Amino acid sequence: MPQELPKAYDPAAIEEKWAEYWVRERLFDVPSSEGASASASQAQPGEQARFTMLLPPPNVTGRLHMGHMLNQTEMDILTRWHRMRGDRSLWVPGTDHAGIATQMMVERQLAAEGATRQELGRSAFVERVWQWRAHYGGAILDQMKRLGASVDWSREYFTMDEDLSVAVKEAFVRLHEQGLIYRGAYIVNWCPRCQTAISDLEVVHEEQQGKLYEIRYAFADGFGSITIATTRPETMLGDVAVAVNPSDERYRDFIGKMLVLPLSAANGKPNREIPIIADEWANPEFGTGAVKVTPAHDPNDFAIGKRHGLPSPIIMDETAHIALPGSPYHGLDRYEARVRIVSDLEAAGALVAVKDHQLSIGKCDRCKTTVEPRLSTQWFVAVNKTPKGGGNSMAANAIEAVKDGHIRFTPDQYRKTYEGWMNNIYDWCISRQLWWGHRIPAWHCAACKETTVARETPTACAHCGSAAIEQETDVLDTWFSSGLLPFTVFGWPQRTADLAEFYPTQLLVTGFDILFFWVARMVMLGCHFMLDEPMADGSRRQLKDAVPFREVYIHALVRDADRQKMSKTKGNVIDPIEIIGRFGTDAVRFTLASMASPGTDIAFSEARTEGYRAFANKIWNSARFVFMQVERAKEAGIAVDYAQISSALRSGAAAPLADAPLETRWILTRLSNTAANVNAALGDYRFDEAASHIYQFFWGELCDWYLEIAKLRLDFGDEADKAATGAALRTLLAVFEASLRLLSPFMPFITEEIWHALYDGAAPARSIALARFPQPADMDADGDAARNMQTLQTLIVEIRALRKELGVPEKEAAPVVVHAPAAFAAVVAANSGIAERMARVSAVSFSDAALSGTSARSTPQFDVAVTYEKQVDVPAERERLSKEIAKYEKGLSNSERQLGNEAFLAKAPANVVEGLKKQAAETKALLEKARAALDGLG
RNA sequence: AGGCGCGUAGCUCAGUUGGUUAGAGCGCUACCUUGACACGGUAGAGGUCAGGAGUUCGAGUCUCCUCGUGCCUACCA
């Protein structure tokens, strides 16, 4: 006997229970085939499809936001769907150590205690971060459990885990050996607050209203001057030249002359002298056409400096304060220095003009501090360089992998974005001046100044043998380690069974915001390293199998209901856990799925979520109805064989489908079609379509029609036909159970609860998530029956509408007359009980003559009239008919115009012409009837 | 400065290769305490598909332009 469900659906009462159950029972773990005997692990070699996916690792510092929830809902739907289809489905979770973010978090904590990391020292600080992580680092994964994410928790990783750290070291050393990692002094984006270099991607650009300062530099010979233009006058302290375009007539004669650099006097020495040089970079159109050159603080100037062999004096320290001992500006912050320098220039009469100027400035993505381009020694990955041992550059492989279709993007437009970026990629600065992260495995020698890169901590310099070596203090960019995850999570550099089985992963689901940060880097690193790993059968790996994933699904941004980007400063952040608390996880999941149309941002709406909570409630109550029928059956002595439930989806020899009632044949057909539609939609990542098909089927067909008609069949009275009742109950249970399975990937909690209740402890699996996902072939379909049923539904709807028009009281049954072709008349006659119940009909009779008038309605398939005396509302009826006539006239004239067009008849496909002819004839008939009805009103 | 999207019912969005009278959910209106469900049922109202031009027998769908809007990329001092 199925359990009795509480009256109202209460998600809080069931969701936590199942979330814990799934984790506790380890239902979604996929054991490694490592060590398993070949015959056991490969009982059906190659037959079981695999579905492998990595969770984009959230930051350890993170809290779950709507973006995560969308991302994880989509991944979970897909994983559950694949799992239920019988695929070996592995979804690997983990967290990212998030270098800068985590370090900031712990520094803030220290600051609250009045301490700094410098006071603590490096190793104590790192220890402290580990403690922090142990305390707070699991928060986001705990929240994830609440979503029902069906990940393999036994494989949970952290990017700083020992084995992953070994892999990161290995990757670094190999790239270095291949000549693809180098160290050098270049201009990098420097964050003066974080005090570390950051990559180009970590700089966000902002348009700002600034000033363009025009400053006069006098010639050293005392005769004349040149005026330069700059947005950053404070950097003039580091000027080493002024550049003009060689083709610029105005300045051609000045090239080679020396200038006196104002304000550069220090320590009693006079102002420095700098040359005027010719360089194509100088744009005659911009400013004054003369540009000052500050190689240590501007990337373009750095390039000019290189071209002309100029020195690169650094004039600011790591915190963007002027660092020129002896200079009056020494120690000033860059902005204070600007104010002072501008006023001093003005006082000296060197400030020619200050103009408004729109400029875009780079800010640190993490802390929004204005980035300072800074010359410093950093480590880089040479992405466009051919490795020493031969082969393609990383970027070339990554471009080819996508171009050749080994990686497919959905939506496809992101392929272009990816290609555009990859084709213009620069070397990647991977060193960070942080303490939290993977420390670079390089040791600098105090004796010979050389650097030793090694897997194991060396005791002596590899170049001179000196023991005076010290490890590089920099750590690696967090994205360097996360870029390796698709293979390191499976044990690389070891050649494990997991790596052989699960690499490449099938799919990556992520947001476009980390397309370059992460997706592109995974492709580069994956292709690069995995090309060197042989296939499981020992053969050489090709690019198509070296890619980290075969498909990338990029989802949209979740915005608030007003389409605003959620942000803490705006205060419009929606907390998924709070929303879940109010509506239930299933409802929120379904909302996100139903709004997840590729390429379109999601304006998350609570109203919509309310609607899907109502849907969950509908599901819940339909279950209560079904269970109630089982209860009644039991009391009537009709047994239900739970082991045989799904067999009722197909006709057997004992019960041919042709003998089944119309609604049974119809609902099985609809279920089959819905299964086909949902499978197809999920295959195309159309979560919205899949959700909509399910919603429409469950509510609009199963609940609104099938359950209502079932009430008619489930007669447990003494006189009832027990066999027919039993059959009806079996079909009801079968269809309902299959519908739960169809819903399960979308609403795992409520379906799990009801499914177990339905089987009352005798469920055929430990979870509905391990049951089979409905396939179209699982149930018999009968197209003719479905069409007949649909016409019957139309008949019922027309009768209901007529009843309203005629003012038949809700409770009162009325007789109807039907005029229809014999075939459909027979269907109506055979199923008059359905019409009687669904449309409150007292009796159905048939007429050979067409029906029209105010109490009749016509469709192309039938006419129907309700026999009722009451006066109709003549004006209202006239209005309705007039509208209808206008619609038909418009439609008919359109059709006739087209049918009169010879070009149309000649060029349009036959089925279209035929369809239009049929439609025109039908419309004409309906128009005549409507006109007759209007005339009948008088 | 380049590149990519978007603009369809009051709101949020579908609308696959151009083909018959453009759909859904929510909201709205009227009626209904029918023994699963008022988080419900039934019936309805609501759209010149941003605007303009073009291609075509036929355009929400393809092309161009305009307007509005969002995003990404870029070293112009």
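Just so it is clear, the structure is predicted and the values come from calculations on it, not from any experiment. Convention: sequence-line order gives letters A, B, ...; per-chain numbering from 1. Just the heavy atoms: all of them, side chains too, but no hydrogens, waters or symmetry mates, feed the values below.
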| said: Taking B/U42 as the reference, what is the distance to B/U56 when you measure between their C1' atoms (whole Å, please)? | reply: 45 Å
| Side-chain donor or acceptor of A/Asn617 under 3.5 Å from a matching atom on the base of B/C37? | no
| Which of these passes side-chain contact (heavy atoms from CB on, under 4.5 Å) with A/Val293: A/Thr235, A/Asp298, A/Asp301? | A/Asp301
| task | Evaluate whether atom CD of A/Glu914 has more than 12 neighbouring non-hydrogen atoms of other residues, nucleotides or ligands under 6.0 angstrom away. | result | no
| query | Roughly how far apart, to the nearest Å, are B/C6 and B/U12 at atom C1'? | reply | 14 Å
| said: Need to verify one output field. Residue with the more 5' nearest nucleotide on RNA chain B, A/Lys917 or A/Glu689? | reply: A/Glu689
| task | Name the nucleic acid region contacted by A/Val293, choosing base, sugar-phosphate or nothing; use a 4.0 angstrom heavy-atom cut-off, strictly under. | result | nothing
| field | Between A/Asp239 and A/Tyr217, a side-chain donor and acceptor under 3.5 Å | value | yes
| request: Whole angstrom is fine here: how far is it from CZ in A/Arg686 over to C1' in B/A24? | output: 13 Å
| query | If you measure from the C1' atom in B/G18 to the same atom in B/G60, how many Å do you get, rounded? | reply | 10 Å
| Taking atom types as modelled and ignoring hydrogens, do the side chains of A/Thr585 and A/Glu15 form a donor-acceptor contact shorter than 3.5 angstrom? | yes
| request: Summarise how protein sits on nucleotides 26-36 of chain B as a single string, 5' to 3': B when a protein heavy atom is under 4.0 Å from the base, S for sugar-phosphate-only contact, - for no contact. | output: S----BS-B-B
| request: Taking atom C1' in both B/C71 and B/C32, compute the distance separating them and give it to the nearest angstrom. | output: 49 Å
| note | A/Asp301 CG to B/C76 C1', in whole Å, measures 11 Å
| message | Please classify the nucleic acid contact of A/Pro909 as base, sugar-phosphate, or nothing, using heavy-atom distances under 4.0 Å. | response | base
| task | Could you tell me whether A/Gly362 contacts a base, only the sugar-phosphate backbone, or nothing, with contacts defined as non-hydrogen atoms closer than 4.0 Å? | result | nothing
| field | Donor-acceptor pair under 3.5 Å, A/Thr923 side chain vs B/U21 base | value | yes
| query | Are A/Asn245 and A/Asp279 linked by a side-chain donor-acceptor pair shorter than 3.5 Å? | reply | no
| Test log, rule side-chain contact (heavy atoms from CB on, under 4.5 Å), inputs A/Asp365 and A/Ile198 | CA-CA 9 Å; A/Asp365 191 23; A/Ile198 54 180; over 6 Å; no
| note | Separation of B/C76 atom P from A/Ile228 atom CD1, nearest Å, is 18 Å
| note | A/Ile554 CD1 to B/C4 P, in whole Å, measures 18 Å
| said: Taking only the C1' atom of each, what is the distance from B/C49 to B/G35 in whole angstrom? | reply: 47 Å
| task | Would you mind classifying the nucleic acid contact of A/Trp421 as base, sugar-phosphate or nothing, using non-hydrogen atoms under 4.0 angstrom? | result | nothing
| request: Mind checking A/Tyr418 for me? I need base, sugar-phosphate or nothing, with any heavy atom below 4.0 Å counting as a touch. | output: nothing
| message | Regarding A/Ala908, tell me which of base, sugar-phosphate or nothing describes its non-hydrogen contacts under 4.0 Å with the strands shown. | response | base
| task | Between A/Leu201 and A/Arg800, name the one whose nearest nucleotide on RNA chain B is closer to the 5' end. | result | A/Arg800
| Excluding sequence neighbours, so at least two apart, what forms side-chain contact (heavy atoms from CB on, under 4.5 Å) with A/Phe516? | A/Leu201, A/Thr417, A/Trp421
| field | CG on A/Asn677 to OG on A/Ser692, rounded to 0.5 Å | value | 9.5 Å
| field | Pair A/Glu708-A/Lys711, salt bridge (charged side-chain N to carboxylate O under 4.0 Å, His left out): steps then yes or no | value | CA-CA 5 Å; A/Glu708 291 304 323; A/Lys711 289 175 182 172; 3.0 Å; yes
| Would you find more than 12 non-hydrogen atoms of other residues, nucleotides or ligands less than 6.0 Å from A/Lys918 atom NZ? | no
| task | Select base, sugar-phosphate, or nothing to describe what A/His297 touches, counting heavy atoms under 4.0 Å on all strands. | result | nothing
| said: Mind checking if A/Arg803 touches a base, just sugar-phosphate, or nothing, with heavy atoms under 4.0 Å? | reply: nothing
| request: Check the distance between B/C71's C1' and A/Gln413's CD and give it to me in whole angstrom. | output: 11 Å
| Pairwise P distance for B/C39 and B/G44, with rounding to whole Å | 24 Å
| note | When rounded to whole Å, the CZ to P distance for the pair A/Phe409 and B/C4 reads 17 Å
| query | Roughly how far apart, to the nearest Å, are B/U21 and B/U63 at atom P? | reply | 24 Å
| task | Can you tell me which stems RNA chain B forms, taking runs of 3 or more consecutive Watson-Crick or G-U pairs with both distances under 3.5 Å? | result | B:1-7 with B:67-73, B:10-13 with B:23-26, B:28-32 with B:40-44, B:50-54 with B:62-66
| Less than 4.0 Å between a side-chain N and a carboxylate O, is that true for A/Arg686 and A/Asp684? | no
| said: Base, sugar-phosphate or nothing for A/Ala282? Non-hydrogen atoms, less than 4.0 Å. | reply: base
| said: Using atom P in both nucleotides, what's the gap between B/A24 and B/G46 to the nearest angstrom? | reply: 14 Å
